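The structure appears below as structure tokens.
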Amino acid sequence: MHLENYFAKRTNWQLAENDISTSLKCLKQKEKVIDLSESNPTRCGFKYDNIISRALSNKKNYLYEPNPKGLHQAREVVARYYREKGIIVSPDDIFLTSSTSEGYSFLFRLLLNPGEGIFLPQPSYPLFQFLCDINDVESKFYQLAYEDNWRIDFNSIENNLSGNTRAIVLVNPNNPTGSFVKESELASLNNVCQKKNMAIICDEVFFDYGFDKNDKKPSLASNRESLTFVLSGISKILALPQMKLSWIVVSGPKELKDEAIKRLEVITDTYLSVNSATQNALAHWFKVKNSIQKQIMQRVLKNYELAKKEMNSEIGDLFNVEGGWYVILKIKKEANEEALCLELLEKEKVFVHPGYFFDFNHGSHLVISLLPEPKDFSLGIQRIAKSLS
Ligand SMILES: Cc1ncc(COP(=O)(O)O)c(C=O)c1O
């Protein structure tokens, strides 16, 4: 049977499980594996203070009040989150979505005709290619280059600009490099976007997890220079990915912003995808923001220190991290990343992601989550160090 005759070409993905996933699944059935790819906060032992069951018993959940932007009181909570950062955002400029991925899809549909292009950072996180495929968008890449810190390589943007590139995606801070967009980079990006009529889509899901609290980084929610859409949500901010609530903040020159809001409203009105219970619970859940973020920051900073202690220049370089939940090890001896991950799994019972999952296109890298419990993290890092020495 010609299965491909039944399906849209955009879904012609490589669907077979890769060797790493197969080995991990088999091994996990037999013995304990230290999973240093774990970035699901609900599996990392954080305390949530029983917030979910209490919030869901709210009587308001029996009422359905559809609103294409999401319930006003929930958008007020999001506006307050920005106000506390010194950024004034009107609830009218906020759209609630059920996930950040859904937010990307809505924006791709808003901004791009089929076949038009979007700039994506490289390295970055693996979902982008699927989001582009599903929305008939052509992915183009710009590079993040590492010297002592990560920076945007503007040549890779300038050399690749063509008439049909409609938007540039920033991840602030980026997953997995942990790098924030700098003020000077934002000024240059605004320049390019104004010249080429491009919009900015800025994913700030990890924004609150900057390592240096004294070094205030700019959120693009206050960017008025270009048409800008900031994506964020409670999957990282409150470490509640299972509750499925994210948002888009629209900003930019007034005429453009107003038009974007009117058009986006038609898209979100077609789906009305955010459930009422989550929206009604949002104010209550935000009360645990400081407690949950404090636990996570303590965890990632502690694990980052443990990683720095175990690794040395004979093994490789740990890239400097400005924020987020990951650290990257660049291995000194070039090795096939997949073979190395399989070896670590089979011999050391430690699982880490290979760099190529995140589109590192030269050198050998391992991407390590900083979320696991420190006793597991420390043992896992020691085993990696031993194996690579
Ligand atoms: C940078 C980034 N954006 C978005 C997401 C997904 O967020 P959501 O669960 O809200 O779709 C992830 C998930 O890891 C991520 O790393």
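The residues of the chain are indexed from 1 along the displayed sequence. Read the numbers this way: they start at 1 and go in the same order the structure lists the ligands and their atoms. Note that the structure is predicted; figures quoted are calculated from it, not measured.
The hydrophobic clustering, which links ILVMFWY residues whose side-chain heavy atoms are closer than 4.5 Å, places L120 and Y125 together.
Protein residues with a heavy atom closer than 4.0 Å to ligand 1 are S99, T100, S101, Y125, V171, N175, D203, V205, F206, S235, K236, S246, listed by chain and number.
Judged by distance alone, with hydrogens and angles left aside, the side-chain atoms of Y304 form a donor-acceptor pair with the main-chain N or O of V321 at under 3.5 Å.
What you find for K289 and D208 is that their closest heavy atoms are CD-OD2, 4.4 Å.
Note: C202 SG to I248 CD1 = 13.0 Å, rounded to the nearest 0.5 Å.
At most 12 non-hydrogen atoms from other residues, nucleotides or ligands lie less than 6.0 angstrom from NZ of K333.
Because its NZ or CZ atom is not both nearer than 6.0 Å to the ring centre of F180 and within 45° of the ring axis, K182 does not count as a cation-pi partner of that residue.
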